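Quick caveat, the model's predicted, so the values are computed rather than measured. All values below come from the heavy atoms of this structure, side chains included, with hydrogens, waters and symmetry mates left out.
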Amino acid sequence: MKKETLLPLITVILCCACSSQHSPMNDGLLIADVRSAIQTESPFSMKDDVQSIEYIPLETTDSCLISNISSLIADDDYIFLGNGKTSQVLQFDRQGKFIRQIGRVGEGPGEYAPYSVSNLSLNRSQKEIYLNRRYQSALVYAYDGTFLRTDTAFKESFGHRFLLNDETWALAGTDFVPKQVSPWLLALHNGENRLFEGKAVFPTSVPEEFVCMKEVQANPFEQSLVAFTPSCDTLFRATASGIQPACVYNRRNGTDYYTLIADARDMQTNKAEKESTIQLFSFFETSRYFYFRAILKSNPDRIFFQRLEKQNGEFLSQSIPQDFIEISRGFSDGQVIGIPNDLDNGIPFCPGYTLNDRTCMQAINAETISKLKNKGYLKNAPKALDIDEMDNPVIIIYHFR
């Protein structure tokens, strides 16, 4: 991408600042004091935020046997998912009935190479689904499976995109891509097919040819996209009007960490990761809270589920039961690294996909359900979780207060 298409890249002041342990806010910006919080167990309940839970067992037929879910997105009518082992993109209705396969692996028009679809995006108003491909133009299909076009609007490499309004897309940067290819964590793209704003998070001490991003995470919330990469403790929010800090996940990993983690040369030596390093495993957002999952490098078998309240900045942290961690080793839809479900005695609470500000999703496979039952969980679980071990996964939809 030509550099002149971007605004001057701004070095983020908050990369490893905001270290106050006494105030949850700084000039109105929420700050999570992570190191202090993980020293104290402060349990919280999903009842504080979750109003109801919807379980959708996905239909199992020979046409839609799901190995593992690599991507998942939905609207009020349909669920779309990437089937990891087969590279298929499958469509179900909101009751879990299989509708069709979207596109297929191949070399013809509207077809894609195996494992090339990285994630999915929706244009809900136009009833279109975008199959975003790594370093290639996205393929666009109608909800009825008709191939519409190859989307050539984006010349940049990006990891995720989300439609903010009828003409503005928010783009998240790509892992391990040098700065000159994807020189931003977040960018905005308008209907005139051009980038009009980008937010860089790179330390100035790293030479431009070696600057990269690792472990980029992005989640939509309302009409925004929030993104994070470890070279900076600040999570940024892209809206149609611009890109601003959303909150600070203040890990206090040390100045060297934030420099080395953004330096491609450190991939061989891995000097950035020390025993004291705190890693952000994932995050998502609801109307009332930010949720985080964190790992302490010195003890990778101890993972924390955390909650930052938007109104008053209260930050609570509790460790995840070891049973949940052991069960979660494996594919993405076997993951239950969350907190116990105290609402309906169902699956541990750890949604990984966002629909909107009041709805998140979680996918759970039959094998994981069986493992939980074998360890004594799910004794009074909803009947929708009574599935055979060869059945397709269950989609769990959390409706928030």
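With contacts defined as side-chain heavy-atom distances shorter than 4.5 Å, the pair Lys310/Cys247 does not qualify. You'll find the side chain of Phe400 stays beyond 4.5 Å of the side chain of Ser287, heavy atoms only. You'll find the side chain of Phe304 stays beyond 4.5 Å of the side chain of Phe292, heavy atoms only. Arg35 has its side chain within reach of Ile278: a pair of non-hydrogen atoms, C-beta onward, lies under 4.5 Å apart. Looking at heavy atoms from C-beta onward, Phe80 lies out of side-chain contact with Leu90 at the 4.5 angstrom threshold. Between Asp77 and Tyr143 the shortest side-chain heavy-atom distance does not fall below 4.5 Å. Proximity of His160 to Leu225: side-chain heavy atoms (C-beta onward) are separated by under 4.5 Å at one or more points. No side-chain heavy atom of Lys199 sits under 4.5 Å from any side-chain heavy atom of Trp184.
Heavy-atom contacts from other residues, nucleotides or ligands closer than 6.0 Å to CD of Glu41 number more than 12. For Asp166, the CG atom counts as loosely surrounded, since its 6.0 Å shell holds 12 or fewer non-hydrogen atoms of other residues, nucleotides or ligands. Atom CZ of Phe147 has more than 12 neighbouring heavy atoms from other residues, nucleotides or ligands inside a 6.0 Å radius.
Look at Asp386 and Lys373 and you find a salt bridge, because one of the NZ, NE, NH1 or NH2 atoms lies within 4.0 Å of a carboxylate O, short of that distance. Remark: Asp75 does not engage Arg124 in a salt bridge, criterion side-chain N to carboxylate O under 4.0 Å. Looking at Arg100 and Asp144, no side-chain N of the basic residue comes within less than 4.0 Å of a carboxylate O on the acidic one, giving no salt bridge. A salt bridge links Asp301 to Arg329: one of the charged nitrogens lies within less than 4.0 Å of a carboxylate oxygen.
For the atom pair CD (Gln362) and CZ (Phe284), the distance works out to 9.0 Å, reported to the nearest 0.5 Å. Atom CG of Leu195 and atom CZ of Phe154 lie 8.0 Å apart (nearest 0.5 Å). Here the CD1 atom belonging to Ile320 is positioned 9.0 Å from the CD1 atom belonging to Ile339, to the nearest 0.5 angstrom. Atom CD1 of Ile102 and atom CD of Gln91 lie 4.5 Å apart (nearest 0.5 Å). Between the CD1 atom of Ile99 and the OG atom of Ser63 there is a distance of 12.0 Å, given to the nearest 0.5 Å. Rounded to the nearest 0.5 Å, atoms CD (Glu222) and OG1 (Thr354) are 11.5 Å apart.
Within the cation-pi definition used here (under 6.0 Å to the ring centroid, within 45° of the axis), Lys297 does not qualify as a partner of Tyr257.
Side-chain contact check for Ser282 and Gln217: no donor-acceptor pair (N or O, by modelled atom type) lies under 3.5 Å. For Asp233 and Tyr258, the side-chain atoms include at least one donor-acceptor pair closer than 3.5 Å. No hydrogens or angles considered: a donor-acceptor pair under 3.5 Å links the side chains of Asp266 and Thr269. Defined by atom type and a distance below 3.5 Å, a donor-acceptor pair is present between the side-chain atoms of Tyr249 and Gln306. For Asp48 and Tyr289, the side-chain atoms include no donor-acceptor pair closer than 3.5 Å. Tyr291 and Asp49 share a donor-acceptor pair across their side chains, judged by distance under 3.5 Å alone. A donor and an acceptor atom, one from each side chain of Thr229 and Ser231, are nowhere located under 3.5 Å apart. Side-chain N/O atoms of Ser70 and Asn68 include no donor and acceptor closer than 3.5 Å. For the 3.5 Å distance criterion, the side chains of Ser276 and Asn253 fail to qualify, holding no donor opposite an acceptor.
Residues Gln51 and Arg401 share a closest heavy-atom pair of CB-CG, 3.9 Å. Contact between Ala366 and Ile387 at its shortest, heavy atoms only, is CB-CD1, 3.8 Å. Residues Pro393 and Asp333 come closest through the heavy atom pair CG-OD2, 3.6 Å. The two residues Phe228 and Thr234 come nearest to each other via the heavy atoms CD1-O, 4.2 Å. For Pro348 against Val336, the heavy-atom pair with the smallest separation is CB-O, 3.8 Å. The two residues Tyr55 and Pro382 make their nearest non-hydrogen contact at CE1-CG, 3.4 Å.
One N or O on the side chain of Ser118 and one on the backbone of Asn132 form a donor-acceptor pair closer than 3.5 Å. Judged purely by atom type and a 3.5 angstrom limit, Thr168 has no side-chain atom pairing as donor or acceptor with the backbone of Asn165. Checked by atom type and distance alone, the side chain of Ser87 pairs as donor or acceptor with a backbone atom of Tyr115 at under 3.5 Å. Panel note: side chain Asp151, backbone Ser137; no donor-acceptor pair is recorded below 3.5 Å. No donor-acceptor distance shorter than 3.5 angstrom exists from the side chain of Asp388 to the backbone of Met390, with no hydrogens or angles considered.
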Next item on the list: Give the C-alpha distance, both sets of side-chain angles, the deciding distance and a yes or no for side-chain contact (heavy atoms from CB on, under 4.5 Å) between Val34 and Arg252.
Entry: CA-CA 8 Å; Val34 184; Arg252 287 184 278 147; over 6 Å; no

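You'll find the ring centres of Trp169 and Phe158 outside the 6.0 Å limit.
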